Structure formats: C-alpha cells, structure tokens
Amino acid sequence: MTESTQQTPAPLPAQAAAVEGPQGGFGAARIALLCAALIAAGAVGYKLYTDQAPSAAAPAAPVGANGEPASVDEVIAGLEARLQDNPGDAEGWRMLGWSYFETGRFAESATAMRRAIQLAPGNSEYHSMLGEALVMASKDEAISQDARAAFKRAVEIDPKDARARYFLAAAKDIDGKHAEAIEDWFGLLAETPADAPYAKDIRDVIRNVGKERGIEVEKRLASAKFAPASGGFRTDGAQAATAGIPGPSPDQMAAAAALPQGQQDMMVAQMVDGLADRLMREPGDTDGWIMLLRSRMQLGETGKAQTALRDATAALKNKAADQRRVREAAAALGVPGA
C-alpha cells in the first residue's frame with residue numbers, strides 16, 4: 001500500500017439512512033456505528049497508510065502488467081500470491097486484510113487479520129483491525145462478542161489504541177451505558193491530536209449520541225480541547241529516511257576517498273552488508289533498519305530493499321509504532337511494495 005491522499009470512505013447506504021432518521025432503541029447505536037466507520041478509518045487506516053497532504057517524496061502507486069497504475073484487484077492478487085509463497089508473513093496478511101476491508105470484503109478481511117494475529121499476537125493494531133472488520137461484516141447494529149474481545153485485547157496491549165477505545169465506548173452505548181460511553185469518548189477526545197483526520201468525528205458522535213440519549217454535552221464540547229497537533233499521526237519515519245540518520249563518520253569518508261572507485265564501491269557494499277548482518281543479531285534497531293533501506297535504495301538494490309522491509313516488519317512485529325516508522329520510511333524512499 002502506498003501513501004497517498006485519500007478521502008474518507010462514504011458511508012454505506014443503509015448506514016446513511018440510519019443517520020438521517022434514527023428510529024427505535026437503536027437510533028444512537030446507528031449513529032455511533034456510522035461514525036465508527038469514519039473514525040476507525042482515521043484512527044488506523046489513515047494513520048498508517050495515508051498522508052493528509054500530497055508529498056513530493058511519496059512513491060508512485062503500484063504498476064500493473066500493462067504499465068498503468070495497478071487496480072485494487074491487482075494489488076490483492078499480488079498479495080495473495082505473495083502469501084502463498086510466504087504464509088508466515090504477518091505484515092503481508094495485515095496488508096491483505098486492509099485491502100479486503102477497503103473493497104468492502106469485510107469477512108475476508110477478518111480472516112486475513114486472524115492469520116496476522118496468529119503470527120504476531122502482540123501487535124495491538126492487528127487485533128483492532130480484526131474487531132473493525134467483524135463490526136463491518138455484521139448485519140446489525142450490535143457489536144459482537146468476538147469483535148469486543150478483539151478490541152479489549154488491543155487496549156490490553158496498547159491502552160492508547162484509538163480505534164479500539166472508540167468501539168468499546170460504542171459497545172457501552174449499545175448496552176445502555178450511555179453516560180459511560182460519552183465519558184469514554186470525551187477521554188478519547190482529550191487525547192486526540194487536533195490534526196488527526198477523525199478529530200471532528202469524535203466531537204460529532206458525542207454531540208449526536210448526547211442529543212439522542214438526552215444527555216447534555218454542548219457545554220463540555222465547547223470547552224474541550226484536542227491534544228497538540230501531531231502531523232496527522234505520521235511519525236518521523238519519512239524524515240529519518242531522507243535526512244534524520246547520520247551517514248558515515250568523517251574518518252570513514254576520508255578513508256573511502258583515498259581508494260580507487262572500484263574499491264570505494266566494495267567498501268560501501270561491505271559496510272551495507274555489515275549493517276544487514278548486525279540487524280540480524282540486533283533486530284530491534286529501528287533506525288538501523290531505516291538506514292539499511294536507504295542504503296539499499298541508494299545502491300539501486302531494490303530487491304534487497306524489499307527483503308529488508310519484510311525482515312524489518314517481521315522483526316518489529318510486536319512494536320506497532322516502530323513498524324509504522326519503517327513503513328513510512330520505505331514509502332518515502334520508494335521501496336517497491338511499501
């Protein structure tokens with residue numbers, strides 16, 4: 001998945017109708033679950049895979065066999081083929097689950113996310129994405145026990161998982177704990193960066209559910225503040241890829257300058273291969289992985305860069321924030337398939 005400017009997906013027709021005219025006891029539940037689709041996309045879909053503004057450094061979209069930008073179906077087919085060859089690739093299953101979700105294949109998305117969780121059970125985002133897929137696959141306004149269990153596991157791993165926290169609050173509202181749900185949404189609101197793509201949606205769901213349930217929220221909303229802006233939940237991965245990691249030391253540069261060109265190339269290759277070997281021994285070095293990606297791309301070794309990206313995401317499978325940094329770095333560098 002490449003990073004690109006995208007629009008929040010439009011609500012499904014049934015969901016839109018529910019918001020236009022909520023009826024019966026599930027009126028606010030319909031509002032909550034509609035907004036959930038938007039907020040969840042912002043909380044994770046946007047947070048992980050899109051920029052909120054175009055970037056000159058962003059790589060081109062995947063290219064199909066005819067040289068045109070690959071269709072979603074082509075991307076999915078490529079992921080499915082990749083996973084047949086490497087079924088132990090947790091990140092590949094996450095990418096496939098996200099791709100299925102974006103095309104409305106929610107049950108298949110849930111299946112893919114279960115496979116990712118089997119391989120990396122300590123990754124909170126995988127559990128959160130599973131819960132969202134299960135909610136969207138459901139035919140009613142309730143949040144199933146399986147979905148709730150996935151969200152609960154996500155917040156056990158990462159108490160700040162915004163999507164899981166949102167849906168757990170929605171579950172409370174559905175269960176009749178309306179005031180508790182609104183309190184939880186206010187708590188999430190207080191920790192939401194002002195520039196997060198779903199910031200306004202949290203305020204809207206508090207307002208709409210408060211109105212539906214007869215709970216006064218306007219005064220609190222008027223005084224509520226967001227957390228400081230954070231660049232739309234982007235990390236410094238792209239900056240680290242292009243400028244943030246130191247290059248060779250002055251002594252190393254001086255030594256290389258004294259060598260003939262062929263020996264200089266050999267020295268550089270040895271340094272990069274040495275970094276790759278060290279990362280096999282010390283796989284938790286996120287900056288090291290970004291440096292390796294940058295080095296491989298600078299040497300024109302795109303295949304080795306792809307391998308390094310797969311190795312990095314596997315090594316950091318239980319460190320969602322570090323995985324995000326590496327993915328963003330890879331996208332900024334133009335690593336194929338980032």
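Atoms considered below: every heavy atom in the structure, side chains included; atoms not considered: hydrogens, waters and symmetry mates. Just so you know, these numbers come straight off a predicted model, no measurement behind them.
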Shortest non-hydrogen contact from L275 toward G288: CD2-O, 3.9 Å

To the nearest 0.5 Å, what is the distance between CG on L96 and CG on L79? 5.5 Å

Counterpart residues, side chain to side chain contact (heavy atoms under 4.5 Å, CB included), relative to R105 (two or more places apart): I76, E80, Y100, T103, E108

Donor-acceptor pair, S109 side chain versus G97 backbone, under 3.5 Å? yes

Mind checking whether V209 and H178 have side chains closer than 4.5 Å, heavy atoms only? no

Heavy-atom side-chain proximity of M113 to W93 below 4.5 angstrom: no

Atom pair NE2/CG of H127 and D158 - distance to nearest 0.5 Å: 11.5 Å

Contacts of type side-chain hydrogen bond (donor to acceptor under 3.5 Å, both in side chains), residue R148, not counting sequence neighbours: D175

Measure across L292 and A308 and return the closest heavy-atom pair with its distance rounded to 0.1 Å. CD2-CB, 3.8 Å

R203 (side chain) donor-acceptor with L221 (main chain) under 3.5 angstrom: yes

Pairs where residues 143-164 contributes a residue and the test ring pair (Phe, Tyr, Trp, His ring centres under 6.0 Å) is met, not counting sequence neighbours: F151-F167

Determine the minimum heavy-atom distance between A169 and A181, stating which atoms define it. O-CB, 3.2 Å

Sole residue of V335, D311, L293 in side chain to side chain contact (heavy atoms under 4.5 Å, CB included) with Q306: V335

Residues that R115 engages under side-chain hydrogen bond (donor to acceptor under 3.5 Å, both in side chains), provided they are two or more places apart: none

Pairs in or reaching into residues 296-307: which pass salt bridge (Lys or Arg N to Asp or Glu O under 4.0 Å), with residues at least two apart or in two chains? D273-R296, R296-E301

Heavy-atom side-chain proximity of W185 to D173 below 4.5 angstrom: yes

Distance (rounded to the nearest 0.5 Å) between M95 CE and L83 CG: 9.0 Å

Reported CD1-to-CG distance for the pair I206 and D201, which is rounded to 0.5 angstrom: 11.0 Å

Going by heavy atoms in the side chains, are Q323 and E91 under 4.5 Å from each other? yes

According to side-chain hydrogen bond (donor to acceptor under 3.5 Å, both in side chains), who are the partners of E282, at least two apart in sequence or on a separate chain? R278

Qualifying residues under side chain to side chain contact (heavy atoms under 4.5 Å, CB included), relative to E216, sequence neighbours excluded: E218, K219

List in chain and number order the residues that pass salt bridge (Lys or Arg N to Asp or Glu O under 4.0 Å) with D89, two or more places apart in sequence or in another chain; answer none if no residue qualifies. R82

Begin with the C-alpha distance, continue with both residues' side-chain angles, and end with the deciding distance and a verdict on side chain to side chain contact (heavy atoms under 4.5 Å, CB included) for L134 and L130. CA-CA 6 Å; L134 291 171; L130 169 61; 3.9 Å; yes

Are the side chains of I157 and N123 in contact, using a 4.5 Å heavy-atom criterion? no

Show your reasoning for whether side chain to side chain contact (heavy atoms under 4.5 Å, CB included) applies to D285 and M291. CA-CA 10 Å; D285 181 1; M291 182 184 290; over 6 Å; no

With the threshold set at 4.0 Å, does a side-chain nitrogen-carboxylate oxygen contact exist between D322 and R325? no

Partners passing side-chain hydrogen bond (donor to acceptor under 3.5 Å, both in side chains) against Q118 (at least two apart in sequence or in another chain): none

Check whether any side-chain heavy atom of E212 sits under 4.5 Å from a side-chain heavy atom of N208, and report yes or no. no

Of all the heavy-atom pairs spanning A154 and S128, show the shortest one and how long it is. CB-N, 3.9 Å

Could you please spell out the steps behind the side chain to side chain contact (heavy atoms under 4.5 Å, CB included) verdict for F101 and M129? CA-CA 9 Å; F101 188 94; M129 290 174 72; over 6 Å; no

Taking only residues two or more places apart in sequence or in another chain, which ones pass salt bridge (Lys or Arg N to Asp or Glu O under 4.0 Å) with R220? E183

Minimum heavy-atom distance between Y126 and A120, given as atom pair plus value: CE1-CB, 3.7 Å

Applying salt bridge (Lys or Arg N to Asp or Glu O under 4.0 Å), name anything that partners D184, two or more places apart in sequence or on another chain. K172

Do side-chain atoms of T192 reach the backbone of L188 as a donor and acceptor pair under 3.5 angstrom? yes

Residue set satisfying salt bridge (Lys or Arg N to Asp or Glu O under 4.0 Å) with R153, at least two apart, ordered chain then number -> E156

What's the separation between atom CH2 in W289 and atom OG1 in T313, rounded to the nearest 0.5 Å? 9.0 Å

How far does OG1 of T302 sit from CG of L333, to the nearest 0.5 angstrom? 12.5 Å

Where do A224 and L189 come nearest, in terms of heavy atoms and distance? CB-CD2, 3.8 Å

